Amino acid sequence: MTDRPSPFYTDGSNDFAYNTISSRVPKIVLDVIDRNHFSPRITDELKRLADDMAHNRPIEPPSSTTPDADHWQAAYQAHFKNGQPPTWLDTVWFYAETLLYHFIIEKTRYYETGIDPYKPFKEEEIASEALWKLLDTGIGIEGEPEEKLHDVLALALWGNRIDLSMAVSMSHGVHGANDDDLLIDDRKKLIPHLLSAQASNQIHIVMDNAGTELTMDLLLADLLLQSVPSATQPTQVWLHIKHHPTFISDTVPADIWQLLDEMEKRASSRELAQRLRQAWAQERLIIVPHIMWNSSSFAWELPLQNVHIHPEATRLVITKGDMNYRRFTGDTSWPADVPFKEAVGYMDVPLAALRAMKCDALVGIDQQTRDALQANNPEWRSIGKYGLIQSNL
Ligand SMILES: O=P(O)(O)OC[C@H]1O[C@](O)(CO)[C@@H](O)[C@@H]1O
């Protein structure tokens, strides 16, 4: 058993992590200011946050008033160095980035106003014709269940490219996504596992972005509800989403209901929306917002049983996207000879990760493949072009 490598740091030892905290997310904070109409006080607090990150200032103590204050105050202490608060460019990247998005919610007073600071970004995407064209393509997929699952799993993966925090990833789009960019494809194991007769009746999807990715995930959920054979209990699909808005586009409850409303307005997607609403009403489709998915904890630190992920009932956990991949694999680059199954060995349930690669975190790709991709494009890991469908099956 290979020891888990340390997580990426923001101190320059990993370029992408450093650039994210020193430059990329400060720009996102300023963009959030521009896209909203905050009071001068909130605007000044956000500008100071952006400036603190860019200038490697000490991280300020988190507030004591948010529902997850205990987590963030404990994490703050746990990341002290030499008895001092960490600075933004000298700490664990996963902590710094998740904390940054927590601070945006804290400073925009989300818990006092209920206003999603990313709503302007999300509204723009849900109005895009590309989203609705892709949904029509997905709805039009025909064939046997295994054929449909093969194609819809690919759409759910490539939908992850559409990520409002990463223009370069969005630039690759979903239409025309081809399997050449799919570096690992475990669908040949996943699909028989999903379609076989088993006692476990629950598929848990740890969700990611609203908008296009959510549209593809709802299409996948509908197909799973129709295709996965029921056992003593009806097949259920659980959607695990964020408790509050984060990472610009991550899904919160309002995003699901707004999308279903929009789907119902369109003749081509009305039936899909109605099936999903009915599945929800019959408790076959279950939506679970939980603040653990907003935290800086890695997956092995999370009480997954608190969100009903139990070995005996769970047929598969599907994690979507880059941040969840980082949370489940330790936000690090594993040695090339370590299989995905080993890196997630703490998981006592079948797991599949559907991820468009947007940073250096990686496990389960051999050295020869890494070298070839590196020679072709040194930024191959972080441009959202390549995708993984990895499983511990
Ligand atoms: O929505 P996803 O797939 O989790 O990716 C979003 C994240 O990808 C990253 O660029 C790298 O994880 C983050 O900085 C970014 O916000």
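Numbering of ligands and ligand atoms starts at 1, following listing order. Every value quoted in this text rests on a predicted model; they were computed, and no experiment measured them.
- Side-chain atoms of Arg355 never come within 3.5 Å of backbone atoms of Tyr325 as a donor-acceptor pair (strictly under, hydrogens ignored).
- Residue, atom and distance of the protein heavy atom nearest to atom 1 (O) of ligand 1 are Asp208 OD2, 2.8 Å.
- Close contacts of ligand 1 with Phe247, meaning ligand atoms under 4.0 Å from a residue heavy atom, involve 16 (O).
- Looking only at heavy atoms of the protein, atom 12 (O) of ligand 1 is closest to Asp322 OD2, 2.5 Å.
- Aromatic ring centres of Phe94 and Phe298: separated by under 6.0 Å.
- The Ser165 neighbourhood of ligand 1 comprises atoms 6 (C), 15 (C), 16 (O), with distances under 4.0 Å to a heavy atom of that residue.
- Annotation for ligand 1: atoms under 4.0 Å from non-hydrogen atoms of Asn209 are 1 (O).
- No path of Ile, Leu, Val, Met, Phe, Trp and Tyr side chains, each step under 4.5 Å between heavy atoms, connects Ile105 with Ile33, placing them in separate hydrophobic clusters.
- Atom 14 (O) of ligand 1 has Glu97 OE2, 2.4 Å as its closest protein atom, hydrogens excluded (heavy atom only).
- Contacts of Met166 with ligand 1, taken as heavy-atom pairs under 4.0 Å, involve the side chain alone.
- Here the side chain of Thr251 pairs a donor or acceptor atom with the backbone of Asp208 at under 3.5 angstrom.
- When only interatomic distances are considered, the shortest N/O to N/O separation between Tyr101 and ligand 1 does not fall below 3.5 Å.
- Defined by atom type and a distance below 3.5 Å, a donor-acceptor pair is present between the side-chain atoms of Glu213 and Asn160.
- Note: an N/O pair closer than 3.5 Å links Lys358 and ligand 1 by distance alone.
- Of all the atoms in ligand 1, the ones that sit under 4.0 Å from a non-hydrogen atom of Cys359 are 11 (C).
- Close approach to Gly321 involves these atoms of ligand 1, each under 4.0 Å from a residue heavy atom: 3 (O).
- Here the protein heavy atom with the shortest distance to atom 4 (O) of ligand 1 is Met323 N, 2.8 Å.
- For residues 183-239, the set of pairs meeting the ring pair (Phe, Tyr, Trp, His ring centres under 6.0 Å) definition, not counting sequence neighbours, comprises His204-Trp238, His204-His240, Trp238-His308.
- The shortest N/O to N/O separation between Arg24 and ligand 1 falls below 3.5 Å.
- No side-chain donor from either of Thr235 and Asn201 sits under 3.5 Å from a side-chain acceptor of the other.
- Side-chain contact check for Thr113 and Arg109: no donor-acceptor pair (N or O, by modelled atom type) lies under 3.5 Å.
- Proximity of Asp163 to ligand 1, defined as any heavy-atom pair under 4.0 Å, is confined to the side chain (atoms from C-beta onward).
- In the hydrophobic clustering of this structure, Met323 does not group with Val252; members are Ile, Leu, Val, Met, Phe, Trp, Tyr whose side-chain heavy atoms approach within less than 4.5 Å, directly or through other members.
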